Amino acid sequence: MGLIPDFKKIATRSPWLYRINAGSCNGCDVEMATTALIPRYDVERLGCQYCGSPKHADIVLISGPLTVRVKDAVLRMFDEIPEPKVTVAVGVCPISGGIFRESYAVLAPIDQYIPIDVNVPGCPPRPQAIIAGVAKAIEIWRERL
Amino acid sequence: MNFLTIFARNLRQGPQTEAFPLGPAFTPERLRGRIEFKAESCEGCRICERVCPANAIRFAKTPDGMTFDCWHNTCVFCGNCEFYCPTDAIHQTNDWDLTHVNADKFEMVEHGLIPNQKCADCGATALNTAPVIKNAKPPLSDAEYAELRARCPKCRAKYLKNRKVPS
Ligand code: SF4
Ligand code: SF4
Ligand code: SF4
């Protein structure tokens with residue numbers, strides 16, 4: 001029993017990243033893909049990798065202003081992600097609505113529906129900013145473990 | 001043999017991956033990032049508020065003067081405000097690292113105040129905005145500028161009209 005808490009401290013675990021597109025214009029998604037796929041930015045240096053299933057995810061990157069149409073799907077998917085999870089809002093859309101703010105078709109800010117931990121403003125944020133956000137999210141995630 | 005040249009080049013140049021976040025990130029000089037506001041050079045025309053597509057800029061009248069607020073969390077970094085600002089009071093810096101925890105969401109604001117002042121001529125309370133002097137001929141000296149600035153809009157117009165223009 002006494003060993004287990006120490007183990008948790010010693011072993012640095014590697015989080016899985018997962019992306020949710022909550023009705024984004026695709027700008028932020030392209031930047032997120034860039035962050036992961038091209039060697040110039042290479043988010044995997046931080047010890048994390050994108051995964052394809054919400055059930056494996058630890059850190060969720062959400063883009064888009066949560067349109068009325070995708071709301072149910074997004075909330076259902078978010079519930080499937082196991083605790084402890086850390087949520088990163090990528091772009092100004094999920095944070096405030098950005099350019100779509102106060103539109104009848106969007107439900108932004110997204111933190112009314114989903115607890116958000118880290119915000120990365122930008123439209124879209126540059127890959128370095130997304131990496132900074134992921135780095136912050138990993139810190140928070142390690143504390144929550 | 002092509003792969004050998006590539007191998008040699010890679011050995012020489014090192015990895016192409018940027019060091020960030022373990023080192024500094026490459027930032028272009030003219031990257032469109034965080035908005036900066038200089039209250040001293042603002043004319044108070046409120047064009048920036050009008051042209052902002054994301055409604056990120058808001059002016060408000062307070063007892064102390066007129067406040068300027070730009071919320072970085074809804075600004076889309078389009079640069080419209082800087083483009084239309086007649087005095088370069090609003091400026092887009094190349095600072096892109098605005099990452100913050102959600103608790104600080106509403107603190108990501110650029111705030112400025114254009115204070116009230118008493119007009120040096122008539123004593124009325126008016127905003128201490130930068131005077132519009134683009135069309136003043138000949139250009140104002142520094143002393144004239146200070147005198148003009150200390151006045152209310154009406155007295156400023158009078159001042160410019162009565163200005164002795166050496167011919
Ligand atoms: S923040 Fe800008 S780039 Fe990102 S999804 Fe919204 S509109 Fe598109
Ligand atoms: S910042 Fe520029 S555009 Fe905005 S009110 Fe001041 S002078 Fe006008
Ligand atoms: S850069 Fe564009 S969105 Fe941001 S404050 Fe200026 S006009 Fe508004």
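As the structure is a prediction and not an experimental result, all values here were calculated from the model. Sequence lines set the chain letters: A, B, ... in the order given, protein chains first and strands last, and positions in each chain run from 1.
B:Pro86 places a side-chain heavy atom less than 4.5 Å from the side chain of B:Glu43. Taking 4.5 Å as the limit, some side-chain heavy atom of A:Thr87 sits within range of a side-chain heavy atom of A:Phe78. Annotation: side chain of B:Val76 is in contact with side chain of A:Val92 (closest heavy-atom distance under 4.5 Å). For the pair B:Cys52 and B:Cys81, the minimum side-chain heavy-atom distance is 4.5 Å or more.
Taking hydrophobic clusters as Ile, Leu, Val, Met, Phe, Trp and Tyr residues chained together by side-chain heavy-atom distances below 4.5 Å, B:Tyr159 shares a cluster with B:Ile133. Under a hydrophobic clustering in which Ile, Leu, Val, Met, Phe, Trp and Tyr are joined whenever their side-chain heavy atoms come within less than 4.5 Å, directly or via other members, B:Leu113 and B:Ile90 fall into different clusters. A:Ile38 and A:Leu61 fall within a single hydrophobic cluster, where Ile, Leu, Val, Met, Phe, Trp and Tyr side chains are chained together by heavy-atom contacts under 4.5 Å. Side-chain heavy atoms closer than 4.5 Å link hydrophobic residues (I, L, V, M, F, W, Y) into clusters, and following such links, possibly through other members, connects B:Val101 to A:Leu145. A chain of hydrophobic side-chain contacts below 4.5 Å, direct or via other Ile, Leu, Val, Met, Phe, Trp or Tyr residues, connects A:Tyr41 to A:Val90.
Ranked by heavy-atom pairs shorter than 4.5 Å toward chain A, the options B:Asp104, B:Leu31, B:Leu22 are led by B:Leu31. Of the listed residues (B:Gln16, B:Met108, B:Lys105), the greatest number of heavy-atom pairs within a distance under 4.5 Å of chain A belongs to B:Lys105. Contact count against chain A (heavy-atom pairs under 4.5 Å) is highest for B:Trp96 among B:Phe77, B:Phe26, B:Trp96.
Judged by distance alone, the side chains of B:Arg30 and B:Asn94 never bring a donor and an acceptor atom under 3.5 Å apart. No side-chain donor-acceptor contact under 3.5 Å links A:Ser24 and A:Arg19.
Formation of a donor-acceptor pair under 3.5 Å by the B:Arg58 side chain with backbone atoms of B:Glu49 is not found in this model. The backbone N or O of B:Phe37 lies less than 3.5 Å from a partner atom in the side chain of B:Glu110, making a donor-acceptor pair. Without hydrogens or angle criteria, B:Arg34 side chain to B:Thr93 main chain gives no donor-acceptor distance under 3.5 Å. Judged by distance alone, the side chain of A:Trp16 and the main-chain N or O of A:Lys55 form no donor-acceptor pair under 3.5 Å. Under the 3.5 Å distance criterion, the side-chain polar atoms of B:Gln92 are left unmatched by any main-chain donor or acceptor of B:Glu82. Using modelled atom types, one side-chain atom of B:Asn116 and one backbone atom of B:Pro63 make a donor-acceptor pair closer than 3.5 Å.
Residue B:Cys78: no heavy atom, backbone or side chain, is found under 4.5 Å from chain A. Residue B:Ala103: no heavy atom, backbone or side chain, is found under 4.5 Å from chain A. Contact annotation for B:Asp97: only side-chain heavy atoms (C-beta onward) come within less than 4.5 Å of a heavy atom of chain A. For B:His72, the part sitting under 4.5 Å from any heavy atom of chain A is the backbone (N, CA, C, O) and nothing else. Interface remark: B:Phe20 contributes backbone and side-chain atoms alike to the contact with chain A (heavy atom separation under 4.5 Å). Residue contact with chain A, scored on non-hydrogen atoms closer than 4.5 Å, involves the backbone and the side chain of B:Glu18 alike.
By a heavy-atom distance cut of under 4.5 Å, not one residue of residues 29-37 of chain A is near chain B. At a heavy-atom separation below 4.5 angstrom, chain B is approached by no residue within residues 65-76 of chain A. Within residues 95-105 of chain A, the residues having any heavy atom closer than 4.5 Å to a heavy atom of chain B are A:Ile95, A:Ser96, A:Gly98, A:Ile99, A:Arg101, A:Glu102, listed by residue number. Contacts from residues 107-141 of chain A to chain B, taken as heavy-atom pairs separated by less than 4.5 Å, involve A:Pro109, A:Asp111, A:Ile116, A:Asp117, A:Val118, A:Asn119, A:Val120, A:Pro121, A:Gly122, A:Cys123, A:Arg126, A:Gln128, A:Ala129, A:Ile131, A:Ala132, A:Gly133, A:Lys136, A:Ile140 in sequence order.
Between B:Phe106 and B:Trp71, the ring-plane angle classifies as parallel under the 30° and 60° cut-offs.
Note that the CG atom of B:Asp88 and the CZ atom of B:Phe83 stand 12.0 Å from one another [nearest 0.5 Å]. Within the model, atoms CG of B:Asp95 and CD1 of B:Ile35 stand 11.0 Å from one another, a figure rounded to the nearest 0.5 Å.
For CG of A:Asp79, the number of neighbouring non-hydrogen atoms (other residues, nucleotides, ligands) closer than 6.0 Å is greater than 12.
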